[in-house]
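Not measured: the values here are computed from a predicted model. We name chains A, B, ... by the order of the sequence lines, and we start the count at 1 in each one.
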Amino acid sequence: MTTSITISKYNKTIRKMLFASLWICVWQLASMLIAQEILLVSPVVVVQRIIQLGADSSFWNSIFNSFTKIFFGFILANIFGVVFALLSNKSTFFRDFLSPVISIMKATPVASFIILTLVWINTAYLSTFISFLMVLPIIYTNMLIGLENIDRKLLDMANVFNVPSSKKFKYIYIPSLLPYYSAACSVGLGFSWKSGIAAEVIGLPNNSIGFSLYNAKIFLETPDLFAWTVVIIIISIIIEKLFFVLIKLLKNNISLDWGDKIAN
Amino acid sequence: MIRLPIKLGNISKNFNDKAVLNNFSAVFKDNSINCIMGPSGVGKTTAINIIIGLIKPDSGTIEGVVGKKISVVFQEDRLLNWLNAVDNIAFVCGDAVSKAEITALLNELGLNGSTNEAVSKLSGGMKRRVAIARALLYDADIIIMDEPFKGLDDDTKYNVMDIVKSHLVNKCAIFVTHDIDEAKYLGAEIIQM
């Protein structure tokens, strides 16, 4: 059973890699057909450019600055999203009070938020704030749905048997909420990264990925533009993978079988 | 130690203006086995949920419950599907019962070889026995079981009833059942609703 699952996962990975390679070939062919580097650079040139950029410490500095600021916004959104969802679950008054703000956050285009907050906030913190604003409603909404869907009968059972709150939290709340939380984070991580970089491109804080992207565009350095974009995609994938490793560790720590509770 | 009996006095409960319990009274003595019997919809589960404290009655009095520890087999198994049978029981019993004791009772109940499997993988009858084991191992003064033997085949049922009976010494046990034979086998005092 375990062997067949491993083989199936292995085949899936191979298939994914084959399709990715196919698309890279399409990209290479397209760049050869167009034959104008300023319009479409080839993947080979992009890789060469990434290697060149990687030799420069400012490249890593930009990645570090952008990553820490955007990720901080993501973490803040997680904390506030979870706390607000808990409060909203307990109090209808609080939920109604928060409802218009969350609706506005969901409906407002990210560009509007970036331009608006540029007036209020130092550009150095813009990506943190935008990442926070974009992720907060996702975490809040999912956690609230999760809290509403916790099996009341299990909680009643635990109360009748006088199970301590810490145990209820670990064995009922976390397993029940984790599928909602991981789904929210899966969407939120990508969203925070994209909106954070967009904020940097508009706000232009020094030593950031957004600033480098903007410069590449201004000076028509298409290889740099592609190289930075590929770097952004790679970082986004790495963060998502790392996050799901953490989620997996957490669920392994709690239980044997999550069956349909978590799909990953 | 002799504990006060549980007394329900003229308990009434309506759901959506429909009377589910109407002036229901009963006394459950300490160290006794009681069976609440009656047709479906007569309010048996509501009565025990009132004793447990999950439902508040509209009127009437309840005595002899406060300060006592209650152990329950609910109408549904109410197990944590993501834990195994042993951990489900340890979840409610804490350190008071060892894993060896839990495994021994589960084996006695016929769950040999399945005690470390996630309960989501167990059959309905096996889950029921895990819920029964959980109620028996929890150190309670009152044991309440709502149709505990439902879904068990006859051989298993009588074996499980024997084990349950052996764990009811010095406790007040309240069963809900439709089956008069079960009540007789348990030697229970019958409360007809």
Side-chain angles (χ1 to χ4, degrees), chain A residues 1-5 90 142-143 145-185 244-264, chain B residues 45 48-56 65-97 114-122 127 130-131 133-146 174:
Chain A
M1 183 75 175
T2 318
T3 320
S4 68
I5 290 169
K90 289 278 172 210
N142 269 39
M143 290 304 284
I145 295 170
L147 284 163
E148 282 166 355
N149 281 298
I150 286 182
D151 191 345
R152 290 293 323 166
K153 288 181 173 175
L154 287 181
L155 291 174
D156 282 344
M157 176 275 292
N159 290 336
V160 168
F161 284 106
N162 292 318
V163 175
S165 300
S166 57
K167 260 181 144 180
K168 277 189 274 187
F169 182 73
K170 184 174 176 186
Y171 293 104
I172 298 180
Y173 280 94
I174 291 183
S176 304
L177 292 174
L178 211 48
Y180 295 92
Y181 180 69
S182 62
C185 284
F244 281 106
V245 168
L246 278 177
I247 294 279
K248 213 166 187 174
L249 284 174
L250 182 62
K251 71 176 189 175
N252 287 345
N253 184 34
I254 293 174
S255 66
L256 271 181
D257 175 44
W258 289 66
D260 55 353
K261 289 211 83 86
I262 288 203
N264 56 5
Chain B
T45 299
I48 62 166
N49 278 338
I50 286 172
I51 298 171
I52 296 164
L54 294 178
I55 295 176
K56 283 204 165 78
V65 177
V66 178
K68 286 180 183 168
K69 286 165 91 179
I70 304 176
S71 175
V72 183
V73 173
F74 295 91
Q75 209 167 39
E76 322 81 21
D77 301 313
R78 300 200 189 188
L79 298 169
L80 307 180
N81 277 329
W82 41 93
L83 297 182
N84 64 30
V86 174
D87 287 343
N88 257 283
I89 297 169
F91 172 71
V92 303
C93 295
D95 297 331
V97 180
S114 304
T115 54
N116 287 315
E117 265 191 57
V119 290
S120 58
K121 294 194 171 83
L122 302 183
K127 285 182 189 174
V130 176
R134 179 177 66 187
L136 296 180
L137 286 171
Y138 182 71
D139 180 27
D141 306 306
I142 305 164
I143 292 190
I144 295 174
M145 297 195 176
D146 193 351
I174 304 169

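- When atom types are taken as modelled, the side chain of B:Trp82 and the backbone of A:Tyr171 share a donor-acceptor pair closer than 3.5 angstrom.
- Neither the backbone nor the side chain of B:Ala131 comes within contact range of chain A; no heavy atoms are under 4.5 Å apart.
- By number of non-hydrogen pairs under 4.5 angstrom with chain A, the leading residue of B:Val119, B:Leu80, B:Ile70 is B:Leu80.
- In this structure, A:Leu154 and B:Leu79 approach most closely via the heavy-atom pair CD2-O, 3.6 Å.
- Contact annotation for B:Phe91: both backbone and side-chain heavy atoms come within less than 4.5 Å of a heavy atom of chain A.
- For the pair B:Ser71 and A:Phe161, the tightest heavy-atom approach, listed with the atom from each and the gap, is OG-CE2, 3.6 Å.
- The shortest distance between side-chain heavy atoms of B:Phe74 and A:Met157 falls below 4.5 Å.
- Taking both residues in full, the closest heavy atoms of B:Tyr138 and A:Val160 are given as OH-O, 4.4 Å, listed atom of the first, atom of the second, then distance.
- Residue A:Lys167 places its NZ atom among more than 12 non-hydrogen atoms of other residues, nucleotides or ligands, all under 6.0 Å distant.
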